[in-house]
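First the structure, in the form of structure tokens, and then the observations on it.
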Protein chains: 2
Amino acid sequence: MQPSRPRPRIRDVARAAGVSETTVSHVLNNKGRVEAATRARVAEVAERLGYRPNSNARGLRSGRADTIALLMPIVDLDATHHILAVDFYLSLTMNVVEAAFERDQALLQLPPLRRLDDLRRFGIDGGIVVDPLPSDPRVAMFDRLGLPVVTIGRDIAHPGDHWWVAADSAAGTLTVLDHLAAAGARRVAMLSVDIEWSWFADAERAYAEWTARHGRPPMLVRARPDKLDSSAAEAAGRLLDLEPDAVYVPPQWLATGLLRATRERGLSVPGDLLVSVGVDSHQARTSEPALTAVDLDPARTAREAVDLLISRIEGRPPQAPRVIPITLLPRRSTAAITRRA
Amino acid sequence: MQPSRPRPRIRDVARAAGVSETTVSHVLNNKGRVEAATRARVAEVAERLGYRPNSNARGLRSGRADTIALLMPIVDLDATHHILAVDFYLSLTMNVVEAAFERDQALLQLPPLRRLDDLRRFGIDGGIVVDPLPSDPRVAMFDRLGLPVVTIGRDIAHPGDHWWVAADSAAGTLTVLDHLAAAGARRVAMLSVDIEWSWFADAERAYAEWTARHGRPPMLVRARPDKLDSSAAEAAGRLLDLEPDAVYVPPQWLATGLLRATRERGLSVPGDLLVSVGVDSHQARTSEPALTAVDLDPARTAREAVDLLISRIEGRPPQAPRVIPITLLPRRSTAAITRRA
DNA sequence: ACTCTATGCAAAATCGATTTGGCACCACAA
DNA sequence: TTGTGGTGCCAAATCGATTTTGCATAGAGT
């Protein structure tokens with residue numbers, strides 16, 4: 001490994017090709033008027049020298065960083081890994097990266113930001129905040145710096161804001177509930193969590209409306225968002241005490257806890273209890289029994305979020321909010337109830 | 001939302017504070033000689049205007065991007081999500097982001113790169129490639145551009161390379177095997193996958209040595225790395241045909257497949273078969289039964305990788321390779337065999 | 001032959017921050 | 001008074017690419 005020689009500059013390419021820096025720039029950016037032969041020669045030299053334009057210089061000139069930031073959800077630190085341990089977020093991330101790349105943007109992944117200065121440091125054109133809390137301080141930081149920002153999920157404290165992309169949690173909930181009812185469930189409960197994300201808020205509201213409309217007793221249990229393993233067990237216990245015959249449980253970690261609780265009580269799924277989870281994952285597919293899940297379409301969500309952010313950066317009016325349609329993935333955990341016939 | 005006024009430049013701060021740009025720069029970077037009163041006034045003005053240094057200009061001057069890239073593993077596209085659907089990678093990513101941030105580096109997440117030009121576009125000082133394949137083309141791209149690169153996991157085709165960080169897969173394997181033997185297992189098998197990562201290669205080699213040393217029959221089955229759900233089922237079937245009483249299975253998705261196969265054959269874990277997986281995860285903790293797993297310490301791995309990369313960027317000699325010690329997390333899936341007494 | 005236009009290329013300005021070198025001023029000593 | 005050293009601040013050079021402007025030259029049109 002030789003002591004890496006300094007990177008070639010545009011000047012070096014120009015000299016080696018016997019032309020001006022201007023011409024090299026024109027060739028590399030497909031602009032200006034350059035003879036085909038010169039063009040080819042310059043391109044060849046640039047390739048041979050391994051020339052790579054300095055993106056700082058380029059960005060300085062063009063006034064854009066061509067870089068956007070991604071901020072993953074923050075919750076109680078201990079809980080973060082549990083909550084994010086679902087491949088939805090992995091898939092979302094990969095798809096945001098890919099979508100940004102296709103739009104010629106680099107994707108900076110940011111850690112939880114503590115102070116405004118933390119954000120100042122980065123050379124970005126805008127950011128995507130995933131699962132904002134009410135009046136999320138991270139969104140406020142972007143606003144404060146005049147940086148464009150969009151969210152994946154809605155800030156439930158700011159109904160006027162339009163710059164968001166979110167899966168249709170309410171529709172997803174109704175689809176699940178109808179599916180459970182069609183499978184024969186009478187006492188349909190919901191197991192949620194006390195985190196103020198629009199995903200949960202919308203699901204709970206839809207559940208309330210659905211039970212009211214169908215004249216069913218609402219059975220909603222919320223888990224505390226800390227010490228997740230134990231709070232899942234505790235909440236699952238409270239829920240089972242209500243003796244439901246079907247449950248819609250949005251987050252995967254709660255579904256896992258609920259399944260464990262049913263096993264401990266000797267209940268069978270789907271025999272005694274139908275269970276549907278609100279996000280698809282490898283865990284849902286391979287659990288025993290396989291869990292009926294809602295496909296939140298992380299790929300499309302990612303693409304729309306990147307597109308919306310770029311719109312905002314370029315000052316175009318919001319074609320927003322953007323609601324992503326969901327689909328139900330029925331699996332064995334909600335197989336039709338027959339024993340009640 | 002007003003049409004966001006242009007960001008203040010250092011010039012605006014200088015004018016508003018009645019000093020030169022030089023002085024503003026000195027204040028903001030804690031350099032030079034500036035009277036305390038002036039210093040305070042400039043700082044106040046900068047804060048009030050929401051001044052944020054243009055990182056392109058700064059980077060241009062300093063010659064560094066203060067940005068490093070992270071490249072996640074690539075495998076057959078269909079399989080990627082299955083393989084990465086384990087919180088190890090999520091945790092690794094978050095920790096790399098955090099570690100980079102603490103070292104004043106921004107973290108660019110890159111998509112799978114197809115061409116050299118894909119990499120040229122980004123303004124980075126170096127990169128971290130996770131789970132390199134033999135003679136990994138992504139590593140080659142970095143080399144080709146003279147960009148510092150380190151890997152998490154070793155390129156098994158380049159034994160001379162030192163710029164890597166990896167969990168001690170061999171030691172982890174021996175620990176697991178000893179643990180299984182201590183629990184009473186006689187016929188210890190290994191279920192691996194045909195992917196040429198050092199994690200698997202080292203584990204298989206350690207397994208071969210261990211069986212030879214203990215005079216046990218080696219029972220190694222490799223799954224094909226495509227169509228993961230079906231190939232897991234197929235490989236698990238082949239393995240169970242060998243009638244082992246314990247299995248070490250590094251990847252989580254294979255362990256999931258193996259558990260399903262045991263259920264279908266009416267085998268109980270740990271009653272008839274001890275199972276240990278090679279990476280810890282939420283799935284391993286919450287599966288039924290909970291799976292004994294190897295803690296690969298993604299937090300430390302991430303930190304060491306970032307540190308090693310910065311060393312290389314700054315031209316320091318490699319304090320490398322860096323082998324991360326592992327620990328075993330015994331759970332119910334390897335509870336001691338008593339029925340054989 | 002003589003203008004006119006299009007073409008190929010280059011010189012110089014520009015983006016915004018950092019850094020070097022130096023000027024003016026003051027206090028103090030010789 | 002004159003030097004000496006330290007302090008506080010600023011002008012200008014600099015980083016590397018892009019873009020504007022301009023200047024030759026060649027070829028076309030009259």
Side-chain angles (χ1 to χ4, degrees), chain A residues 5-43 45-46 49-67 104 117 120-125 145-146, chain B residues 5-43 45-46 49-67 104 117 120-125 145-146:
Chain A
R5 75 186 69 257
R7 262 173 45 194
R9 308 301 174 193
I10 199 171
R11 182 188 313 121
D12 305 312
V13 177
R15 271 208 268 270
V19 295
S20 75
E21 304 180 20
T22 310
T23 301
V24 175
S25 173
H26 281 159
V27 169
L28 266 41
N29 297 286
N30 249 320
K31 292 187 175 168
R33 294 176 305 222
V34 184
E35 206 181 0
T38 312
R39 202 173 274 281
R41 181 161 43 93
V42 170
V45 170
L49 297 186
Y51 171 72
R52 182 160 66 90
N54 179 312
S55 80
N56 281 131
R58 169 190 295 223
L60 175 57
R61 186 62 238 248
S62 69
R64 288 187 41 169
D66 283 334
T67 301
D104 283 324
D117 284 341
R120 275 195 226 281
R121 291 211 333 230
F122 300 102
I124 53 179
D125 296 329
L145 295 182
Chain B
R5 74 187 68 259
R7 261 174 42 195
R9 308 302 175 192
I10 199 171
R11 183 188 311 121
D12 305 312
V13 176
R15 271 207 269 271
V19 295
S20 75
E21 304 181 19
T22 307
T23 301
V24 175
S25 173
H26 281 160
V27 169
L28 265 43
N29 296 288
N30 249 320
K31 292 187 176 169
R33 294 179 302 225
V34 184
E35 206 182 1
T38 312
R39 203 172 272 281
R41 181 162 42 95
V42 170
V45 170
L49 296 186
Y51 170 73
R52 181 160 67 91
N54 179 312
S55 81
N56 281 132
R58 171 193 294 231
L60 175 57
R61 188 62 241 251
S62 70
R64 290 187 40 170
D66 284 334
T67 301
D104 284 323
D117 284 340
R120 277 195 224 281
R121 291 208 335 228
F122 299 101
I124 53 178
D125 296 328
L145 296 182

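Residue numbers start from 1 in every chain, and the chains themselves are labelled A, B, ... in the order their sequence lines are given, proteins ahead of strands. These figures come from a predicted structure and were not determined experimentally.
Near DNA chain C, meaning a heavy atom under 4.0 Å away, the residues from residues 19-32 of chain B are Thr22(B), Ser25(B), His26(B), Asn29(B), Lys31(B). Contacts between residues 50-61 of chain B and DNA chain D, defined by a heavy-atom separation under 4.0 Å, are made by Leu60(B), Arg61(B).
A 4.0 Å heavy-atom criterion places the boundary nucleotides of DNA chain C facing chain B at dG16(C) to dG22(C), written 5' to 3'.
The minimum heavy-atom distance between Ser55(B) and Gly123(A), with the atom names listed, is OG-CA, 3.1 Å. Here the closest heavy-atom approach between residue Leu28(B) and residue Ala46(B) is recorded as CD1-CB, 4.3 Å. Across all their heavy atoms, Leu60(A) and Ala57(B) have their closest contact at CD1-CB, 3.8 Å. Nearest heavy-atom pair across Tyr51(A) and Ile10(A) is CE1-N, 3.4 Å.
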Output side-chain donor-acceptor pairs under 3.5 Å for residues 12-22 of chain B, partner residues at least two apart or in another chain, one line each.
unit_1	atom_1	unit_2	atom_2	d
Asp12(B)	OD2	Arg9(B)	N	2.7
Ser20(B)	OG	Thr22(B)	N	3.3
Ser20(B)	OG	Thr23(B)	N	3.2
Ser20(B)	OG	Thr23(B)	OG1	3.3

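Within the nucleic acid shown, Thr38(B) comes within 4.0 Å of sugar-phosphate atoms alone, with no base atom in reach, counting heavy atoms only.
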Would Arg39(B) and Asn30(B) count as a side-chain contact (heavy atoms from CB on, under 4.5 Å) here? Give the steps.
CA-CA 9 Å; Arg39(B) 203 172 272 281; Asn30(B) 249 320; 3.5 Å; yes
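Remark: side-chain polar atoms of Arg52(B) are paired, donor with acceptor, to backbone N or O of Phe122(A) under 3.5 angstrom.
What separates CG of Asp66(A) from P of dT18(D) is a distance of 12 Å, to the nearest Å. For the pair Arg11(B) CZ and dC10(D) P, the interatomic distance rounds to 16 Å; values are reported in whole Å.
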Base versus backbone protein contacts along nucleotides 22-29 of chain D [heavy-atom cut-off under 4.0 Å; B, S, -]:
--------
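End-to-end axis angle for the helix from dA1(C)-dT30(D) to dA30(C)-dT1(D), using five pairs per end and rounding to 10°, comes out at 60°.
The structure places CZ of Arg64(B) at 11.5 Å from CG of Asn56(A), a figure rounded to the nearest 0.5 Å.
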